[in-house]
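Note on naming: letters A, B, ... go to the chains in the order of the sequence lines (proteins, then strands), and numbering restarts at 1 for each one.
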Amino acid sequence: MSRLQINNLSKSFGGLSAVLNFDFNVGKQELVGLIGPNGAGKTTVFNLITGVYKPDQGTICLEDKDITGLHPYDICKKGIARTFQNIRLFNDLTVLDNVKVALHTDVPYSLTTAVLRLPTFFKGEEQISRQALDYLKIFDLDKKKDEIASNLPYGEQRRLEIARALATRPSLLILDEPAAGMNPNETQELMKLINWIKEEFHLSILLIEHDMSLVMGVCERIYVLDYGQIIAEGTPQEIRNNKRVIEAYLGEEVE
Amino acid sequence: MLEFMQQLVNGLSLGAIYALIALGYTMVYGIIMLINFAHGDIMMVGAYVGFFSISILGSNIVVAMIFAMVSCALLGVVIEKVAYKPLRNSTRIAALITAIGVSLFLEYITLYFLTAQQRVYPDSAFPLHKYEVLGLVISNKDIFIIVSAVILMIILQYIIKRTKTGKAMRAVSLDREAAMLMGISVDRIVSVTFAIGSALAAAAGVMIGLYYNAINPLMGIIPGLKAFVAAVLGGIGLIPGAMVGGFLMGVLETLVSGYGSSMYRDAVAFGVLILILLIKPTGLFGKNTGEKV
Amino acid sequence: MSKKGFSKKVALLVLAVFMLAIVAGCGGDKASDKASDGDNKVGDTIKVGINCELSGAVASYGDNARNGALIAIEEINKAGGVLGKQLEPLVRDNQSKTDEAMNVSAALVDEGMVAQIGPLTSGAVAGSTPVMMENQIPLIAPAATANNVTVDEKADKVRDYIFRMCYRDSDQGQRMADFAIDTLKVKNAAIFGSTSDDYAKGLAKYFQEEFESKGGTIVAVEGFMNGDKEFRGPLTKIRGKNPEFIYVPGYYTEVSVLIKQARDLGLSVPIGGGDGWDSPDMVKVAGAEALNNTYFTNHYSVEDPDPAIQSFVEAYQAKHKKAPDSFAALGYDSVKLLADAITRADSADPVKIKEALEKTQDFTGITGKMSIDEQHNPVKNIVVIEYKDGKLVSR
Amino acid sequence: MEDKRRRWGKFLLEVIVLAALFTVVQYLIATGLLNRYYQINLTLMGINIILAVSLNLINGFTGQLSLGHAGFMAIGAFASVIMTTLLGYPFMIGILAGMLAAAVAGFIIGVPTLRLKGDYLAIATLGFGEIIRVVLQNIDYIGGPAGISGISKMTTWPVLFIATVITIVVIVNMINSSYGRAIISVREDEIAAEIMGVNTTKYKVLAFVVGAGFAGLAGALYAHYFYIIKPETFNFLKSFDILVMVVLGGLGSTTGAVIAAAFITALNVVLQEYAAVRMIIYALILIIVMIYRPQGLLGNKELTRRSFDKIWSGRHVSSANK
């Protein structure tokens with residue numbers, strides 16, 4: 001049984017199809033890459049999976065349960081979390097509060113309790129803070145917990161976004177160009193980290209990335225998207241040698 | 001039937017005024033995505049300039065209108081430079097609040113210097129002639145106002161579609177950064193937009209003065225809001241949309257007060273606004289666009 | 001310097017100039033106020049609170065009433081004041097808000113006024129009432145027409161310290177209904193009045209009652225809101241009902257435009273209204289021709305040859321470059337009545353003033369000869385005035 | 001344990017400060033040192049604080065620009081007066097009815113309109129506010145345009161004080177909880193919030209309903225102090241008044257809203273003789289604040305004891321540097 005199963009998914013914008021008859025699956029604890037030239041429709045696929053866009057046709061199933069057309073927050077509760085290509089943190093909140101927002105899905109006290117400041121509230125807040133701090137520690141951000149998110153350096157913002165996504169306790173984590181803007185060293189670190197959290201949290205991970213060293217290094221399986229359609233699927237080794245992929249990326253004259 | 005036709009005529013001439021104000025509203029929105037709350041008040045200033053040039057300088061109606069249009073064009077440019085330009089990169093909410101501020105400022109500065117007393121346009125400025133066609137009463141003022149609204153719309157449409165400045169305007173409205181990189185002076189285009197929009201408002205102001213004779217410092221608020229509703233109804237940012245929206249609003253209001261109750265007229269206007277916003281926020285003629293993620 | 005920084009600096013400069021101009025303007029006002037009051041030492045003056053709508057929705061009413069009141073105070077002071085003391089006007093703006101009316105009254109009490117003129121609308125007077133009652137200071141409302149302004153209808157008690165200068169709604173509504181049936185001999189009428197104030201609503205109500213009780217039929221009732229400029233929808237509807245008379249209670253700001261549009265639509269029947277019509281703007285906006293065959297109930301006519309009226313009209317004209325309207329006349333008379341009461345009481349003590357006001361008999365103002373009845377309403381004549389080629393003719 | 005002790009200490013300190021403030025003002029009123037004029041403005045100040053703090057929840061914390069706050073105030077005012085003056089129930093019932101009616105109206109209006117964004121939402125709420133006013137003007141039972149007069153004065157200093165404190169406490173406690181973080185996340189980035197599992201519509205409506213409810217409270221207090229209420233009092237200019245306070249104080253700062261509401265009320269007192277100028281100054285405040293400090297005087301920061309400490313230590317350091 002695969003964790004994420006997508007069948008025949010299509011989406012078009014004003015007559016232009018961004019994604020067409022898309023079939024796709026991610027297994028349990030599998031790390032899958034989605035690559036393709038700019039404008040191939042990769043982010044659109046992510047937006048469809050997470051409910052930001054509603055598909056025109058096709059189904060998306062998580063753990064065999066149909067999640068097509070649900071609201072993003074419901075999809076989150078079902079166990080999908082993601083990061084964004086252009087980082088979307090809660091900029092004016094502290095690093096800690098960013099993660100705490102993600103922990104809101106199972107808040108241990110009611111609104112009335114919060115307003116009345118009953119003991120349950122303080123206990124609950126303490127618990128939330130502790131959990132949030134644990135996630136920050138994984139990404140080495142615990143020392144910066146009181147800083148305003150937008151003041152973090154770029155690399156740390158990327159890491160915070162992953163920490164925040166992880167805090168929603170997903171079974172499938174979707175990373176949209178997690179290494180964008182990082183130097184090779186940082187990318188190396190990130191690769192290790194991604195592998196580690198996959199094992200630690202028993203996650204399936206789906207990522208879009210332009211940095212081929214990262215994609216080829218960590219992914220077990222890769223899908224290649226061009227003009228909204230899958231043109232190839234396979235292990236990194238297979239993809240590296242696939243003719244259509246090379247054409248799509250470099251144009252035909254390279255042959 | 002005759003009564004209904006008469007109501008239609010009434011509605012069209014009222015709608016022409018809304019359309020004129022809505023044209024300027026929609027232009028500014030199209031270029032810099034700002035609801036220029038002060039637009040109705042610029043119209044009020046135009047009405048006053050027209051009044052003073054007729055009553056003090058003794059100019060005729062054409063001169064008065066040109067005078068009002070030129071001064072309001074300048075006023076519009078100054079307002080943009082002083083109040084809106086510094087905010088071009090802030091949030092839209094900040095810009096909207098500023099626009100509310102400018103609106104209040106124009107109203108109360110006028111109230112302060114010219115008092116709350118209404119001023120009366122001299123009747124001789126534009127003598128009334130009535131025509132009876134098949135039992136319908138139509139006056140030369142009705143015809144004047146409807147025809148000038150249509151002509152101004154056509155001119156505006158021509159400027160935007162055919163001239164170089166118009167093309168630059170459309171470029172700026174589509175993508176300000178890209179337009180700037182293509183060598184278009186965004187500042188100049190925004191100024192031109194405000195100038196044209198404000199001049200149109202001034203023309204509407206003088207027409208209201210001629211049509212209803214009385215003007216006062218707070219006269220811009222309600223027509224301004226209604227014109228905005230008209231612009232949204234037609235699809236904000238679209239010139240023909242503002243025109244059709246204006247006429248629709250005018251007819252609708254007249255029918256509501258003619259066949260329903262005039263006390264609910266304003267509620268109906270805002271009700272239409274809310275319905276449009278909820279059902280088709282881009283208006284009757286607008287295309288839907290989603291947020292890019 | 002960055003470009004953005006520059007535009008912000010320019011913005012600041014312009015705004016600062018505005019700020020300065022305004023502050024300078026205020027300062028100037030204040031200075032001149034002080035100068036004119038300067039001759040009188042504290043305690044030598046009788047402070048009269050003027051609580052008017054000088055900004056907001058009905059600013060023009062308050063503006064005119066204040067002008068009228070100030071002319072009266074000027075006249076009285078020039079003639080030596082009251083009880084040998086000068087009247088000192090304390091003019092405040094209640095912004096056409098009921099809460100500000102109360103706030104302003106409390107401030108004026110604090111400053112030691114002995115009586116208050118205004119506010120103009122019934123709502124604002126109601127706002128001001130509790131403060132006046134608590135502090136036992138009389139209030140003369142120049143133009144608040146609602147019946148419950150001077151009487152607490154629920155408790156069936158007269159409000160001790162509240163007086164008015166104008167008719168009640170019932171007086172005017174009935175008078176016009178009588179005039180329409182008895183003099184104009186009409187049998188049916190339409191009502192098209194303002195629905196945004198209780199004044200016009202009251203007039204409409206009493207007109208309808210009287211008109212129907214005298215056997216007339218009301219064929220249509222329509223309403224408009226203050227600030228409206230477009231009346232052709234309902235007028236076209238009324239035209240379809242063929243009334244012989246149209247009653248249009250409201251203020252000249254709307255009525256003038258309304259009458260013009262009615263005539264433009266070919267409605268040539270007689271039109272009637274109340275004292276809210278009284279303004280030179282009527283002829284200017286509607287035009288003399290459109291106003292022919294229109295009638296309104298009023299206190300007086302600006303064209304009345306009576307010397308008191310003419311001297312007021314002249315003084316007003318000289319100072320404000322236009323003829324006074326009914327608010328101005330009522331504001332003027334309110335001050336005159338107050339001065340009269342202070343003289344009769346031989347004291348500027350608010351309670352004594354109130355007692356004297358209650359005893360007013362045959363006081364002659366420019367709005368007529370009047371007495372104050374036990375419900376604190378003036379008993380005075382109502383004249384019906386006709387517009388004839390732009391001139392006012394008493395009927 | 002340490003935490004718990006600190007918490008109680010802070011709570012006790014707040015209670016003492018509030019009790020002292022209450023007692024001092026009560027004493028001044030009882031002895032007549034604070035005359036009616038200042039009492040009126042004190043009442044207005046309290047009502048304005050409630051309005052500004054509640055609007056700030058919607059505009060500042062949730063980031064949804066609402067221009068219809070006066071409409072909810074109107075509903076609260078009329079609902080409470082119907083209960084007390086017309087039906088003869090006690091003031092407490094009137095207050096609760098006012099809050100409930102306004103909150104229900106907030107829900108009915110919020111559910112459809114809060115799907116709109118930015119300036120569209122602003123215009124829609126402005127429209128709803130005006131519709132509320134027009135509808136109230138057309139109900140004869142509540143006096144039509146003339147409104148209801150003869151309302152007994154029941155908003156005393158203790159009532160006002162308790163209402164203001166409750167408003168601030170409820171909203172502050174709400175904001176400083178997981179629910180508040182969810183609300184703020186909507187302002188920060190709606191799409192990211194949804195992806196993180198926050199039902200943004202639900203929290204927008206929650207903030208809108210709570211904000212409307214407290215505007216209703218302000219309306220009820222207002223009605224029972226100023227003797228008369230008319231629908232016209234609650235037009236969109238009133239909404240703009242409240243907006244000025246929120247913007248001046250800082251969108252997203254409760255202390256800012258409180259300070260700005262108090263400041264604007266005081267400014268109104270100072271400028272009473274120049275009411276026309278007052279509006280011009282309001283307008284200039286709006287424009288200048290937006291140009292130079294679009295985030296308002298305090299931005300989204302709160303003024304706390306710690307921030308005073310910070311200023312103090314900052315000064316300390318700078319003087320040491322010399």
Side-chain angles (χ1 to χ4, degrees), chain B residues 29 33-35 37-38 79 82-87 89-113 115-116 218 221-222 225 228-229 232 236 261 263-279 281-282 291 293, chain D residues 59 63-65 67 109 112-113 115-135 137-138 144-145 190-192 195 235-237 239-240 243-244 246-247 251 274-296:
Chain B
Y29 191 91
M33 296 290 161
L34 165 77
I35 298 178
F37 241 89
I79 288 173
V82 172
Y84 300 150
K85 196 174 160 216
L87 285 162
N89 295 316
S90 339
T91 59
R92 281 165 71 176
I93 286 180
L96 181 67
I97 293 171
T98 311
I100 291 173
V102 172
S103 161
L104 292 176
F105 180 77
L106 288 177
E107 284 158 21
Y108 285 89
I109 202 96
T110 314
L111 195 72
Y112 185 74
F113 287 111
T115 77
L218 303 181
I221 304 176
I222 295 297
L225 280 177
F228 175 76
V229 176
V232 173
I236 194 146
S261 162
M263 286 148 74
Y264 279 105
R265 195 194 48 209
D266 289 1
V268 169
F270 285 113
V272 166
L273 171 74
I274 289 163
L275 275 182
I276 283 286
L277 286 180
L278 291 178
I279 296 166
T282 48
E291 188 185 354
V293 181
Chain D
N59 286 7
Q64 308 298 310
L65 186 58
L67 295 178
I109 292 170
T113 41
R115 287 192 294 149
L116 301 169
K117 304 223 187 307
D119 30 17
Y120 280 124
L121 175 69
I123 295 296
T125 48
L126 179 95
F128 263 120
E130 286 298 280
I131 289 175
I132 289 174
R133 182 179 60 79
V134 173
V135 169
Q137 271 176 341
N138 283 296
E190 219 175 308
I191 287 175
I195 295 291
N235 62 11
F236 65 93
L237 291 171
S239 296
F240 286 1
L243 180 73
V244 174
V246 173
V247 168
L251 286 160
Y274 312 106
V277 177
R278 196 191 64 120
M279 287 309 292
I280 301 174
I281 290 177
Y282 271 20
L284 289 178
I285 287 177
L286 271 185
I287 300 171
I288 292 172
V289 168
M290 278 300 115
I291 294 177
Y292 293 95
R293 258 192 95 73
Q295 68 277 46

Visitor: Select, from D:Val244, D:Ile131, D:Leu243, the one with the greatest count of heavy-atom pairs under 4.5 Å involving chain B.
Guide: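 Highest number of heavy-atom pairs under 4.5 Å: D:Ile131.
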Visitor: Is it the side chain or the backbone of B:Ile276 that comes within 4.5 Å of chain D heavy atoms, both, or neither?
Guide: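 Neither part.
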Visitor: Is the distance between the ring centroids of D:Phe236 and D:Phe240 under 6.0 Å?
Guide: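 Between D:Phe236 and D:Phe240, which both carry aromatic rings, the centre distance is below 6.0 Å.
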Visitor: Can you say whether B:Leu34 sits under 4.5 Å from chain D via the side chain, the backbone, both, or neither, judging by heavy atoms?
Guide: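 Contact with chain D is absent: no heavy atom of B:Leu34 under 4.5 Å.
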Visitor: Picking from B:Leu277, B:Leu273, B:Leu104, B:Leu96, which has the most non-hydrogen pairs under 4.5 angstrom with chain D?
Guide: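 When all of B:Leu277, B:Leu273, B:Leu104, B:Leu96 are compared, B:Leu277 has the most.
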Visitor: Which bit of D:Leu67 comes within less than 4.5 Å of chain B, counting heavy atoms only: side chain, backbone, both or neither?
Guide: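 Side chain of D:Leu67 only, per the 4.5 Å heavy-atom cut-off to chain B.
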Visitor: In Å, rounded to the nearest 0.5 Å, how long is the span from CD1 of B:Ile221 to CD of B:Glu107?
Guide: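 Going from CD1 on B:Ile221 over to CD on B:Glu107, the span is 4.0 Å.
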Visitor: Between the side chain of B:Ser103 and the main-chain N/O of B:Ala99, is any donor-acceptor distance below 3.5 Å?
Guide: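 Between the backbone of B:Ala99 and the side chain of B:Ser103 there is no qualifying donor-acceptor contact (under 3.5 Å).
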Visitor: Which atoms of B:Ile97 come close to chain D, meaning under 4.5 Å heavy atom to heavy atom: side chain ones, backbone ones, both, or neither?
Guide: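 Answer is both: backbone and side chain atoms of B:Ile97 are under 4.5 Å from chain D.
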Visitor: Let's test your reading of the structure: which of D:Leu286, D:Leu65, D:Val289, D:Asn138 forms the most heavy-atom pairs below 4.5 Å with chain B?
Guide: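 Among D:Leu286, D:Leu65, D:Val289, D:Asn138, the one with the most close pairs to chain B is D:Asn138.
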Visitor: How many angstroms lie between atom CG of B:Leu111 and atom CE of D:Met279, to the nearest 0.5 angstrom?
Guide: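 Answer for the CG-CE pair, B:Leu111 versus D:Met279, is 9.5 Å.
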Visitor: When only pairs under 4.5 Å are counted, which of D:Val247, D:Val135, D:Ile123, D:Leu116 shares the most heavy-atom pairs with chain B?
Guide: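 Winner by heavy-atom pair count: D:Ile123.
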Visitor: Checking D:Leu121 against chain B: side chain, backbone, both or neither under 4.5 Å from a heavy atom?
Guide: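 Neither part, no heavy atoms under 4.5 Å.
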Visitor: Which value, rounded to the nearest 0.5 Å, describes the distance between B:Thr98 atom OG1 and B:Phe105 atom CZ?
Guide: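 If we round to the nearest 0.5 Å, B:Thr98:OG1 and B:Phe105:CZ are 13.5 Å apart.
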Visitor: Are side-chain heavy atoms of B:Val102 and B:Tyr84 found at a separation under 4.5 Å?
Guide: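 A side-chain contact under 4.5 Å exists here.
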